[in-house]
*Asks:* 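One structure, pasted below without further comment.
Order of the sequence lines fixes the chain letters, A, B, ..., with proteins taken first and strands second; residue numbering starts at 1 for each chain.
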Amino acid sequence: MAEKKTPREILESKGPIDKDVLGIKLRGVKGDAALVDLQTPIDADAPFDLLRRGQKEALELIRHSSAHVMADAVQRLFPGTKVTFGPSTENGFYYDFDRKGGTFTDEDLAKIEATMREIIATKSPFVREAISREDAVALFTKMGETYKVEWMQQLPEGTEFTVYKHGPEGHQWVDFCKGPHVANTGDLAAIKLTAVSGTYWRGQEGNPVLQRIYGTAFPSEKALDAYLKQVEEAKARDHRKLGKELELFEFDENAPASPFFLPRGAKVYHRLVDYVRDLYFRYGYDEVVTPQIYSNEIFQTSGHLSNYRESMYMALTVEEFEDADVLGKIRESMVDQTGDKEKLAFLAKHTRGVKAMNCPGHAQLFSHRKRSYRELPWRCADFGRLHRYERGGVVHGLARVRTFCQDDAHIFCTMAQVESEIASFNTLLEEVYGAFGFKDVNIKLATRPDKRMGSDAQWDEAEGALAKALQSVGREFEISEGEGAFYGPKLEYHVKDAIGRSWQLGTIQVDFQMPRSFELKYVDEHGKDQTPVMLHRAVLGSLERFFAVYLEHIAGSFPVWLAPEQICLLTVTDKVDDYAREAEAYLRSRGIRTAIDLSSDKLGAKIRNARGLRYPYLAVIGAKEAEGRALALRRGNEEFGALALEAVADRLVEEGKFPRKA
RNA sequence: GCCCACCUAGCUCAGUCGGUAGAGCGCGUCCUUGGUAAGGACGAGGUCACCAGUUCAAUCCUGGUGGUGGGCUCCA
């Protein structure tokens, strides 16, 4: 067996260690396990690379160590507070505390941060110690750290127990921890506490509520500043801010989490819908219009009443409310969690639901007459408005709302057609994401969730079909375990925006379940009844959410084909108002979305205002232009000089067309 | 839903250690007719989110309700 040595010992045998070396990275080991600090024994002959301060992986050590220092500071300032978990995260770190009868305020954070700086300034080493399970349990029991003890006791046999200590002699702070850590508190150069929030012990609702303090840490003040600047940049692009500034949409507390699209926003919204319609025409979809409210019998058939009830709005008439007897029974049945069949049947018969998805309506529509295999695949599209009750804490601007519309469609097809439908959908998606300037697209295959319908065999079949279709078009994908819908697995298309954030847009889901529930049939070429497969799919997903994502992606500057107004006419003097109005009317007659500023502001002010509203094109109209039936065109800082009105119109008509893949 | 914070004019925000409030932008009227990122004057505009409580007095303190924001996946 190879001799064990710490990296520090190995490195020191060759000379003094560069103080920028915070740890090592083992070669040939994957993931976090490859990161080892300087004091954890490794095989003396194991190959490794140095992990230096500036490297991305070093952040893990810096942040995890920062979390320890923070917990130390918290326990100094607030004795009796218990520690739980404190990992590093993508953007920083956090530590969850159980503070006796209290929470942390912003002032507390400032104090904690100050104490952290004091601890860092002591430049005391992080010390790793192996410890037996029994000793660890005894030590942390004595310290009153019940959460740590609970955690230790459920760790499997054979787990190596270690503790890390830091701080000046006599005042050392100790945590049960597997590391890795930086060598010394002095290695922490730039820390900042950012937020406080509540959370549950081990993330489970129902467990004790803990206080989580978030912070971030970087190898240098400069890197921290850069990060904070990036946060500012994201803030500046925030769609809620842009939506207000550009008068695109707003919210009102009479309809929480439900957007009102203002005229400018509605123009963009409808352009998006029309763009998708144009795609539908080319890709062979049929659009339908379907009801908003249905008898719950349809949602019983679809499974929504059992599986999706908590997210659904229910609709009753006054007459129904007046019948106290029935109402009582409805209430009793509605809150029943046991899945009692009689209660479900009662609900289905006596109540109505506002649709949260279009699929039940489409399944019903499919079944309205005898279908032939010759009609398949039938691609049934619907821009129907959906309502879903989302819990108060999760709604977010346009990105997570309670009423929205998807560019939704259901493809009814034969099993043999599934693969080609998915391949064709993939082509459509690539065209669309290209049109919006999203370059980085990732696909995830979401598999069976705990709460689901159908047998394991059906799920095997459905998951297999998706994977096979993707492989056939040569697309790579990741598996997203347990994230599927209750009726079937799905592919999720995730795109990266202009500042590197990832968003899920499109999705396609295989559903063998709903066609069976609705007893959907088509007649095959032998005259025999067959059950079709249903594919649920969306390209942009929720239009509201897409609006938000895209608005942030473009930082409010819409391309000509989507902009609420493609051009704004600015007059130099009111002597040219008549010509300006005439030009506006002409542009509009050419189908160009045109704004006009006839106010008494000076030109400089008009330009400033117009740029604030981010019109793609500005056209200055003075005496010269009026005389020559021209527009002095400008885009951004680029001035094109006076161009004939018709020429400007030609240009805008051309640039205003839907983008199409050649 | 849970934890924390916030809610003052259309917008962005001051302010009142308890005595019913201000600015800038925007809006209106007027003056100015100005050529590529803010011309000027005057004016209107507020149940300080809502409901209770404490108080001689509440926008301010306390409690509740509603809304908004940040979290609630990363596991010693």
Side-chain angles (χ1 to χ4, degrees), chain A residues 32 64 67-68 71 83-97 99 102-106 108-109 131 136 140 145 147-155 159-164 175-179 194-214 235 238 240-241 244-245 247 250-257 310 389-397 480 482-483 570-577 599-612 618-625 632-634 636-639 641-642:
Chain A
D32 285 348
H64 191 181
H68 274 221
V83 297
T84 65
F85 290 160
S88 70
T89 67
E90 203 179 318
N91 291 313
F93 61 88
Y94 65 79
Y95 213 116
D96 289 344
F97 301 98
R99 182 179 171 192
T103 55
F104 297 101
T105 63
D106 289 349
D108 293 338
L109 288 199
I131 186 170
F140 284 85
E145 296 291 1
Y147 294 93
K148 290 284 183 189
V149 173
E150 180 185 331
W151 178 249
M152 290 175 195
Q153 282 168 339
Q154 57 82 61
L155 285 173
T159 306
E160 190 187 10
F161 277 47
T162 53
V163 295
Y164 275 81
D175 197 3
F176 176 58
C177 178
K178 68 181 170 188
T194 52
V196 55
S197 82
T199 184
Y200 301 99
W201 165 233
R202 304 193 60 190
Q204 291 290 313
E205 222 168 304
N207 279 352
V209 173
L210 306 174
Q211 301 301 315
R212 172 172 298 182
I213 300 178
Y214 283 90
K235 241 188 203 168
D238 190 312
R240 294 164 300 187
K241 182 172 178 282
K244 222 183 264 184
E245 278 173 17
E247 295 189 19
E250 58 190 26
F251 291 87
D252 184 274
E253 54 182 88
N254 287 301
E310 284 157 26
Y389 175 71
E390 301 278 4
R391 301 203 292 178
V394 305
V395 296
H396 176 87
S480 189
E483 294 295 313
L570 312 174
T571 51
V572 175
T573 151
D574 58 15
K575 294 192 185 81
V576 297
D577 280 5
S599 72
S600 65
D601 282 338
K602 287 183 151 186
L603 184 59
K606 289 189 184 189
I607 288 177
R608 186 171 193 277
N609 293 337
R611 293 198 59 164
L618 299 182
V620 173
I621 299 176
K624 276 182 288 182
E625 288 77 18
L633 198 65
R634 166 179 177 142
N637 286 324
E638 193 180 357
E639 289 178 36

*Asks:* Looking at the side chain of Arg391(A), which of G35(B), G1(B), G71(B) is the nearest nucleotide?
*Replies:* G1(B)
*Asks:* Check every strand shown and say whether Ala136(A) touches a base, only sugar-phosphate, or nothing at a heavy-atom separation below 4.0 Å.
*Replies:*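 Nothing, no heavy atom under 4.0 Å.
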*Asks:* If the P atom of U16(B) is compared with that of G22(B), how far apart are they to the nearest Å?
*Replies:* 14 Å
*Asks:* Please convert RNA chain B into dot-bracket. A pair counts if it is Watson-Crick or G-U wobble with both distances under 3.5 Å; crossing pairs go in [ ] and bases paired with another strand get |.
*Replies:* (((((((..((((.....[..)))).(((((.......))))).....(((((..]....))))))))))))....
*Asks:* Distance between the P atoms of A57(B) and G18(B), in whole angstroms?
*Replies:*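 Each nucleotide's P atom is 15 Å from the other's.
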*Asks:* Taking the side chain of Tyr214(A) as heavy atoms from C-beta outward, which of C72(B), U36(B), G1(B) is closest to it?
*Replies:*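 From the listed options, C72(B) comes nearest.
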*Asks:* Rounded to the nearest Å, what distance is computed from the CZ atom of residue Phe251(A) to the C1' atom of nucleotide G66(B)?
*Replies:*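 Result: 17 Å.
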*Asks:* Classify Ala610(A) by what it touches in the nucleic acid, base, sugar-phosphate, or nothing, heavy-atom distance under 4.0 Å.
*Replies:* nothing
*Asks:* Say you pick atom C1' in C51(B) and the same atom in U59(B); how far apart are they, in whole Å?
*Replies:*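 Looking at atom C1' only, C51(B) and U59(B) are 15 Å apart.
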*Asks:* Residues in side-chain contact (heavy atoms from CB on, under 4.5 Å) with Ala623(A), at least two apart?
*Replies:*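 Not a single residue meets the side-chain contact (heavy atoms from CB on, under 4.5 Å) criterion with Ala623(A).
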*Asks:* So what does Glu638(A) hit on the nucleic acid, given a heavy-atom distance under 4.0 Å: a base, only sugar-phosphate, or nothing?
*Replies:* nothing
*Asks:* Without decimals, in angstroms, what is the distance between Leu109(A) CG and G71(B) C1'?
*Replies:* 13 Å
*Asks:* Can you name the residues that form a side chain to side chain donor-acceptor pair (under 3.5 Å) with Tyr147(A), not counting sequence neighbours?
*Replies:*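 Testing Tyr147(A) for side chain to side chain donor-acceptor pair (under 3.5 Å), a comparison that skips the adjacent residues, returns Asp98(A).
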*Asks:* What residues, two or more places apart in sequence or in another chain, satisfy ring pair (Phe, Tyr, Trp, His ring centres under 6.0 Å) together with Phe161(A)?
*Replies:* Phe176(A)
*Asks:* Once side-chain contact (heavy atoms from CB on, under 4.5 Å) is applied, do any residues pair with Glu483(A), and if so which ones, sequence neighbours excluded?
*Replies:* Ala446(A), Ser480(A)
*Asks:* For Glu90(A) and C72(B), what is the distance between atoms CD and C1' respectively, to the nearest whole Å?
*Replies:*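 Whole-Å distance recorded here is 17 Å.
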*Asks:* Starting the side chain at C-beta, find the nucleotide from C75(B), G1(B), C74(B) nearest to Thr89(A).
*Replies:* C74(B)
*Asks:* In whole Å, what is the span from the CG atom of Asp574(A) to the C1' atom of C30(B)?
*Replies:*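 Asp574(A) atom CG is separated from C30(B) atom C1' by 14 Å.
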*Asks:* Do Lys606(A) and Thr571(A) have side-chain heavy atoms sitting under 4.5 Å apart?
*Replies:*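 When only atoms from C-beta onward are counted, Thr571(A) and Lys606(A) do touch, with a gap below 4.5 Å.
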*Asks:* List in chain and number order the residues that pass ring pair (Phe, Tyr, Trp, His ring centres under 6.0 Å) with Phe93(A), two or more places apart in sequence or in another chain; answer none if no residue qualifies.
*Replies:* none
*Asks:* When the P atoms of A9(B) and C50(B) are compared, how many Å lie between them, rounded to an integer?
*Replies:*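 10 Å, rounded to whole Å.
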*Asks:* Does Val572(A) or Asp238(A) map to a spot on RNA chain B nearer the 5' end, using the closest nucleotide for each?
*Replies:* Val572(A)
*Asks:* Check the distance between U36(B)'s P and Glu639(A)'s CD and give it to me in whole angstrom.
*Replies:* 8 Å
*Asks:* Could you work out, with side-chain contact (heavy atoms from CB on, under 4.5 Å) as the rule, every residue matching Asn609(A), not counting sequence neighbours?
*Replies:*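 If we apply the side-chain contact (heavy atoms from CB on, under 4.5 Å) test to Asn609(A), skipping adjacent residues, the hits are Asp601(A).
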*Asks:* Can you figure out which of U68(B), G70(B), U36(B) approaches the side chain of Ala257(A) most closely?
*Replies:*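 It is U68(B).
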*Asks:* Measure the shortest side-chain to side-chain distance between Ile607(A) and Arg634(A) over non-hydrogen atoms and say whether it is less than 4.5 angstrom.
*Replies:*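 Contact flag for Ile607(A)/Arg634(A) side chains = yes.
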*Asks:* When the P atoms of A21(B) and C60(B) are compared, how many Å lie between them, rounded to an integer?
*Replies:* 14 Å
*Asks:* Identify, with sequence neighbours excluded, every residue that meets ring pair (Phe, Tyr, Trp, His ring centres under 6.0 Å) alongside Phe251(A).
*Replies:*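 For Phe251(A) there are no ring pair (Phe, Tyr, Trp, His ring centres under 6.0 Å) partners, ignoring immediate neighbours.
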*Asks:* If you assign Val620(A) and His396(A) each to the RNA chain B nucleotide with the nearest heavy atom, which residue ends up on the more 5' nucleotide?
*Replies:*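 Result: Val620(A).
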*Asks:* Heavy atoms under 4.0 Å, any strand shown: does Thr159(A) hit a base, just sugar-phosphate, or nothing?
*Replies:*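 Result for Thr159(A) = base.
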*Asks:* Using the C1' atoms only, state how far G70(B) lies from G34(B), rounded to an integer number of Å.
*Replies:*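 Going atom to atom, C1' in each nucleotide, I get 48 Å.
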*Asks:* Between U8(B) and C13(B), how many Å separate the two P atoms, rounded to a whole number?
*Replies:* 9 Å
*Asks:* So what does Lys148(A) hit on the nucleic acid, given a heavy-atom distance under 4.0 Å: a base, only sugar-phosphate, or nothing?
*Replies:* sugar-phosphate
*Asks:* Using side-chain contact (heavy atoms from CB on, under 4.5 Å) as the criterion, list what pairs up with Ala632(A), not counting sequence neighbours.
*Replies:* Val620(A), Glu625(A)
*Asks:* With under 30° as parallel and over 60° as perpendicular, where do the rings of Phe97(A) and Tyr95(A) fit, or are they tilted in between?
*Replies:*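 Phe97(A) vs Tyr95(A) ring planes: parallel.
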*Asks:* Leu618(A) CG to G35(B) P: how many Å, rounded?
*Replies:* 18 Å
*Asks:* Output one letter per nucleotide in nucleotides 2-13 of chain B: B when a protein non-hydrogen atom lies under 4.0 Å from the base, S when only the sugar-phosphate is that close, - when neither is.
*Replies:* BBS------SS-
*Asks:* So, using ring pair (Phe, Tyr, Trp, His ring centres under 6.0 Å) as the criterion, who are the partners of Phe85(A) when residues are at least two apart?
*Replies:* Trp151(A), Trp201(A)
*Asks:* Mind checking if Glu483(A) touches a base, just sugar-phosphate, or nothing, with heavy atoms under 4.0 Å?
*Replies:*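 Nothing: the residue Glu483(A), judged by heavy atoms under 4.0 Å, touches no strand.
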*Asks:* With heavy atoms under 4.0 Å as the rule, sort Gly397(A) into base, sugar-phosphate or nothing.
*Replies:*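 Sugar-phosphate contact only.
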*Asks:* Using the C1' atoms only, state how far U32(B) lies from A41(B), rounded to an integer number of Å.
*Replies:* 11 Å
*Asks:* In whole angstroms, how far is the P atom of C74(B) from the CZ atom of Phe85(A)?
*Replies:*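 Nearest whole value for this atom pair: 9 Å.
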*Asks:* More than 12 non-hydrogen atoms from neighbouring residues, nucleotides or ligands closer than 6.0 Å to CD on Glu247(A), yes or no?
*Replies:* no
*Asks:* Quick one: Tyr94(A) OH to C74(B) C1', roughly how many Å, whole number?
*Replies:* 6 Å
*Asks:* Any chance you could list the contact pattern along nucleotides 37-50 of chain B? Use B for base contacts, S for sugar-phosphate-only contacts and - for none, protein heavy atoms under 4.0 Å, 5' to 3'.
*Replies:* BBS-----------
*Asks:* Quick one: is U68(B) close enough that its OP1 or OP2 comes under 4.0 Å of any side-chain N or O from Arg240(A)?
*Replies:* no
*Asks:* Are side-chain heavy atoms of Lys244(A) and Arg240(A) found at a separation under 4.5 Å?
*Replies:* no
